[in-house]
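First the structure, in the form of structure tokens, and then the observations on it.
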Protein chains: 2
Amino acid sequence: MDKTVYLDAARRHCESRGCRLTELRQQVLELVLEHPGVVKAYQILADLQRERGVAAPPTVYRALDFLVEQGLLHRVEALNGFILCHHFDCPHDGLILVCERCGGVEELDATGCLTSLTDAMSAVGFTPRAQNLVLTGTCRSCQA
Amino acid sequence: MDKTVYLDAARRHCESRGCRLTELRQQVLELVLEHPGVVKAYQILADLQRERGVAAPPTVYRALDFLVEQGLLHRVEALNGFILCHHFDCPHDGLILVCERCGGVEELDATGCLTSLTDAMSAVGFTPRAQNLVLTGTCRSCQA
DNA sequence: CAACGGCATGTTACTGTATAACATCATACA
DNA sequence: TGTATGATGTTATACAGTAACATGCCGTTG
């Protein structure tokens, strides 16, 4: 997807949810966009400092939290990182595969793969929050 | 399970794997044992300092890493914490349910619940490392 | 026994991750 | 115009994790 198109879609997505994709938030989103795969908060912080001179952690964390809340990013807890969500406009159960060797990240749509899991959970009365599962392992190209 | 019995079983478990459950490691394990649910490394550090005067982070992390490696503890990445594994002696796919409201933790055996997931992964050539899935949500008693 | 090797632990110092608390600014709307 | 609300700036600090090196313990082997 073209960058401008993507940003427009992201903006509309936020506005349809009653939020604003402010300049700062968009700037952070663009910075994330420039990194393939997982990106760390402090990496974004450094990028932001390069672009605007000063920036403190809360600035970055607030923007990232906002973007996660809007579904534009996923938080990858196991790695203390963030990745872009390419299909924020359709609700989905994500499955994020992180390769231990090359660090590459792949996002799968796991909708439909989780029924037996959710069954097991409801058997004990547990209601999961919609979320993304993160699994580490080895990707196809690193199998060799 | 009685505490002494548990510790003996843990010791034998380690020895059968060619490792020693040293005094320090056992002490840390006991400290984890005293906390219900998830416990943080720095909590253990504080406990340890209470018991022996001084202790530095590496001491605790090394012991915790060891215990995780032996399968006696699970690491809960999403929470930067650790929980006891109650059935370290049988290999299993764990499913750890963390309640967002009360902080309670429940561990399920997910062996057999993951086939459709692993199918989806192998379809893209991804080999997951054996691990525990951590899900957040709401537990039965907090549903109300 | 002494020397060595391997592992466990101690110690210092640091890097990285994240948030609290409060100040300021912008905007929208009464 | 005043005020409420949300966004951002700023300072300081808490929390999480590790690198690097020193020391101690213990079993093996010459």
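Every chain is numbered from 1, with letters handed out A, B, ... down the list of sequences. The shown structure was predicted, so the numbers you read here are calculated from the model rather than taken from an experiment.
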Summarise how protein sits on nucleotides 25-30 of chain C as a single string, 5' to 3': B when a protein heavy atom is under 4.0 Å from the base, S for sugar-phosphate-only contact, - for no contact.
-> ------
B:Tyr6 and B:Leu84: side-chain contact (heavy atoms from CB on, under 4.5 Å), yes or no, with the steps?
-> CA-CA 11 Å; B:Tyr6 173 80; B:Leu84 215 62; 3.6 Å; yes
Nearest-0.5 Å distance that lies between atom CG in A:Leu21 and atom CZ in A:Arg11 = 5.0 Å
Roughly, in whole Å, what's the span from CD in B:Gln70 to P in C:dC7?
-> 14 Å
Are A:Glu107 and A:His86 linked by a side-chain donor-acceptor pair shorter than 3.5 Å?
-> no
Residues from residues 26-36 of chain B lying under 4.0 Å of DNA chain C - heavy atoms | none
Determine, using ring centers only, whether A:Phe82 and A:Tyr61 are less than 6.0 Å apart.
-> no
Would you confirm whether B:Glu77, through its side chain, and A:Glu77, through its main-chain N or O, come within 3.5 Å as a donor-acceptor pair?
-> no
Show me the protein contacts with nucleotides 10-17 of chain C, counting only N or O atoms at under 3.5 Å.
from	atom 1	to	atom 2	distance (Å)
C:dG10	OP1	B:Arg52	NH1	2.9
C:dG10	N7	B:Arg62	NH2	2.5
C:dG10	O6	B:Arg62	NH1	3.2
C:dG10	O6	B:Arg62	NH2	3.4
C:dT17	OP1	A:Lys40	NZ	2.6

Does a side chain donor of either A:Gln27 or A:Glu23 reach within less than 3.5 Å of an acceptor in the other side chain?
-> no
Chain A reaches DNA chain D, atoms under 4.0 Å from its heavy atoms, from D:dA7 to D:dT11
Out of curiosity, B:Leu29 CG to B:Lys3 NZ, how far, rounded to the nearest 0.5 Å?
-> 9.5 Å
Which residues share a side-chain hydrogen bond (donor to acceptor under 3.5 Å, both in side chains) with B:Asn80, sequence neighbours left out = none
Step by step, would you call B:Val98 with B:Leu79 a side-chain contact (heavy atoms from CB on, under 4.5 Å)?
-> CA-CA 9 Å; B:Val98 182; B:Leu79 304 174; 3.6 Å; yes
Whole angstrom is fine here: how far is it from CD in B:Glu69 over to C1' in C:dA8?
-> 14 Å
Atom CG of A:Leu33 and atom CG of A:Leu73: how far apart are they, to the nearest 0.5 Å?
-> 9.5 Å
Basic-acidic side-chain contact under 4.0 Å: A:Asp47, A:Arg50 = yes
Can you list the residues that meet the side-chain contact (heavy atoms from CB on, under 4.5 Å) rule with A:Asp2, with sequence neighbours excluded?
-> A:Thr4, A:Val5
Before giving the answer on side-chain contact (heavy atoms from CB on, under 4.5 Å), spell out for B:Leu45 and B:Thr59 the whole-Å C-alpha distance, their side-chain angles and the decisive distance to 0.1 Å.
-> CA-CA 8 Å; B:Leu45 178 58; B:Thr59 302; 6.0 Å; no
